[in-house]
Amino acid sequence: MKTRIRAAILGLGRSGRDIHGACLRQDTPHYVIAAVVDPLPERRERAAREYGCDTYADHAPLLQRTDLDLIINAAPSKFHVPYTLEFLKAGFNVLCDKPFAFQVKDADKMLAASQQSGKLLAVFQQSRFAPGFQQMRKVIHSGVLGGIIQISICSSRFSRRYDWQTLTEEMGGNLLNSGPHLIDQALQFFGTDIMPKVTCVMRNAVSCGDADDHTLIILQGEGRPIIEIELSSCSAYPRPMYVVYGARGGLQGSMQELQWKYYDVEKAPKQTLVREPLKDENGEPAYCNEALDWMEESWTAPQSGHTLLADGAGQFYAMLYKTLAEGAPLEITPRQVRQQIAVIEECLRQNPHIFRRKSKRAKH
């Protein structure tokens, strides 16, 4: 069994340094950052000091190295597909950051390249390991809320963003930035065995670029809960991240705190259908009224000392280490993420006023 995984990080921006780099620096028993790639000299100089690694302005020299166990593709979004394909075909294991792609055909190209090379392809969907999401799954799967009618997953705030993530030519916008995390979580509740019916409305309202800054997605399917996904930079009054409607109760909360309540079917008043007009004790018209004995519970995320190893990113890398070093199967596979890309592609198809240059960008 290999003691430490030698990794190279492509891109030292917000994700490359603040998530991947920071996480691997904390997990020194399992990983070592052997090389980084970034076109900005100040980022390379900082990486040399912080990681003690080799640095490159371009990714091409890495293709000649034989001492790397993992390439982490945290380059800007438009480079996720071409760089991942290049390194898979050169015989490297690759972890690709989100968005994995924005077209299914590109996801299929990467899956085929992984199969042909015999190398691992993983997608950084770390939010599936987030403690708050895991706790919500436990509550829903316990059955205390009854049959699930609707699940709303929301990322909302008011933010007049003005960076590259506001440009469609850079694969920016809320759908491709935050969307992969929320859609991945949503599909764990909807199910990954069928493609949902997708309804999507996208707007560009407050950001400087032309990409979406308000997106609403509805996923539907026979016998499945209705899933509502909101990705908004236009909300002065942010909604709870999670809201669940169940036949016997409900849940609301965030990644850090959840609360839920439900009633005991055995203790609830028995109901029968009344077809004639309802009357109160004075014979006056009345409304349906009953008193339920609600049971309420809550959950708060454990204090982790603000270490990334305790959150979804740390758990993702622990899972990935078991795959690379011990041969365990991936818990989050790129084939699972392929369904997410199909949802994203349908959202883009329904909103040509936002992604009107989609076909042109797909050539790069």
Side-chain angles (χ1 to χ4, degrees), residues 1-11 15-36 51 53 62 65-74 80 83-84 87-88 90-100 107 110-138 141 180-181 184-185 187-188 192 255 301-302 304-340:
M1 183 180 73
K2 181 180 287 293
T3 303
R4 300 175 79 191
I5 301 299
R6 292 178 57 81
I9 302 175
L10 310 182
S15 179
R17 178 176 182 265
D18 297 344
I19 300 178
H20 296 283
C23 191
L24 297 191
R25 285 187 75 191
Q26 293 178 19
D27 195 3
T28 53
H30 298 134
Y31 292 93
V32 58
I33 301 173
V36 298
Y51 309 146
C53 66
L62 289 185
R65 292 185 60 156
T66 59
D67 63 332
L68 299 174
D69 304 306
L70 177 67
I71 302 296
I72 300 168
N73 186 356
H80 287 181
Y83 287 2
T84 296
F87 278 96
L88 284 172
F92 291 87
N93 299 312
V94 180
L95 169 61
C96 182
D97 212 326
K98 56 79 187 170
F100 185 41
M110 290 184 283
L111 285 164
S114 173
Q115 184 175 11
Q116 291 168 6
S117 67
K119 292 300 179 179
L120 178 83
L121 172 61
V123 188
F124 194 54
Q125 296 286 171
Q126 78 277 21
S127 64
R128 204 185 301 182
F129 290 120
F133 174 68
Q134 292 289 335
Q135 179 62 32
M136 184 172 73
R137 293 185 75 178
K138 288 179 182 178
H141 291 160
H181 291 309
D184 183 76
Q185 291 185 354
L187 290 174
Q188 305 316 300
T192 57
M255 288 284 196
S304 60
H306 303 290
T307 170
L308 284 169
L309 296 184
D311 71 2
Q315 292 188 51
F316 183 96
Y317 269 109
M319 177 273 295
L320 185 61
Y321 179 82
K322 291 179 181 178
T323 298
L324 291 169
E326 302 170 11
L330 278 174
E331 295 179 36
I332 301 175
T333 69
R335 190 156 294 281
Q336 293 171 1
V337 181
R338 182 186 186 277
Q339 185 192 32
Q340 174 205 125

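Note that the structure is predicted; figures quoted are calculated from it, not measured.
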(request) Please report the closest heavy-atom contact between G91 and K119, naming both atoms and the distance. (result) O-CE, 3.0 Å
(request) Taking atom CZ of R137 as the centre, report whether more than 12 heavy atoms of other residues, nucleotides or ligands fall under 6.0 Å from it. (result) yes
(message) Determine whether L120 and L95 satisfy the following criterion, side chain to side chain contact (heavy atoms under 4.5 Å, CB included), listing intermediate values before the conclusion.
(response) CA-CA 8 Å; L120 178 83; L95 169 61; over 6 Å; no
(request) Could you tell me whether the side chain of Q185 and the main chain of S127 form a donor-acceptor pair under 3.5 Å? (result) yes
(request) May I ask you to test the H20-Y31 pair for a side-chain heavy-atom distance under 4.5 Å? (result) no
(message) When you compare the side chains of D184 and H181, does any donor N or O come within less than 3.5 Å of an acceptor on the partner?
(response) no
(message) Once rounded to the nearest 0.5 Å, what's the spacing between atom CG of N73 and atom CG of L10?
(response) 5.0 Å
(message) Apply side chain to side chain contact (heavy atoms under 4.5 Å, CB included) to residues I33 and R6 and explain how you reach the verdict.
(response) CA-CA 6 Å; I33 301 173; R6 292 178 57 81; over 6 Å; no
(message) Tell me whether S15 contacts the main-chain N or O of A74 through its side chain, where contact means a donor paired with an acceptor under 3.5 Å.
(response) no
(message) Between L121 and L330, is there a side-chain heavy-atom distance shorter than 4.5 Å?
(response) no
(request) Could you tell me how the ring of F124 sits relative to the ring of Y317: parallel (under 30°), tilted (30 to 60°) or perpendicular (over 60°)? (result) tilted
(request) Check for a donor-acceptor pair, side chain of D69 on one end and backbone N or O of I5 on the other, with a separation under 3.5 Å. (result) no
(request) Go through the steps for L62 and L68 under the test side chain to side chain contact (heavy atoms under 4.5 Å, CB included), then give the verdict. (result) CA-CA 9 Å; L62 289 185; L68 299 174; 3.9 Å; yes
(request) Indicate yes or no: at least one non-hydrogen side-chain atom of I332 is less than 4.5 angstrom from one of F129. (result) yes
(request) Report the distance from atom SG of C23 to atom CG of D18, rounding to the nearest 0.5 Å. (result) 12.0 Å
(message) Can you confirm whether more than 12 heavy atoms, excluding those of Q134, are under 6.0 Å from its CD atom?
(response) yes
(request) Check for a donor-acceptor pair, side chain of S117 on one end and backbone N or O of A113 on the other, with a separation under 3.5 Å. (result) yes
(request) Measure the CE-NE2 distance between M110 and H80 for me, rounded to the nearest 0.5 Å. (result) 9.5 Å
(request) Drop me the distance from T323's OG1 to E331's CD, to the nearest 0.5 angstrom. (result) 7.5 Å
(request) Check whether any side-chain heavy atom of T28 sits under 4.5 Å from a side-chain heavy atom of R4, and report yes or no. (result) yes
(message) Are the side chains of D27 and Y321 in contact, using a 4.5 Å heavy-atom criterion?
(response) no
(message) Side chains of Q336 and R128: any donor to acceptor distance under 3.5 Å?
(response) yes
(request) Answer whether the closest heavy-atom distance between the side chains of Y83 and I71 falls below 4.5 Å. (result) no
(request) To the nearest 0.5 Å, tell me how far L187 CG sits from Q339 CD. (result) 4.5 Å
(request) Using a 4.5 Å cut-off on heavy atoms from C-beta on, say whether the side chain of I72 contacts that of L24. (result) yes
(request) For R338 and F100, run side chain to side chain contact (heavy atoms under 4.5 Å, CB included): C-alpha distance rounded to whole Å, both residues' side-chain angles, the deciding distance at 0.1 Å, then the answer. (result) CA-CA 8 Å; R338 182 186 186 277; F100 185 41; 5.7 Å; no
(request) Please determine, by modelled atom types, if Q125 and Q340 share a side-chain donor-acceptor pair under 3.5 angstrom. (result) yes
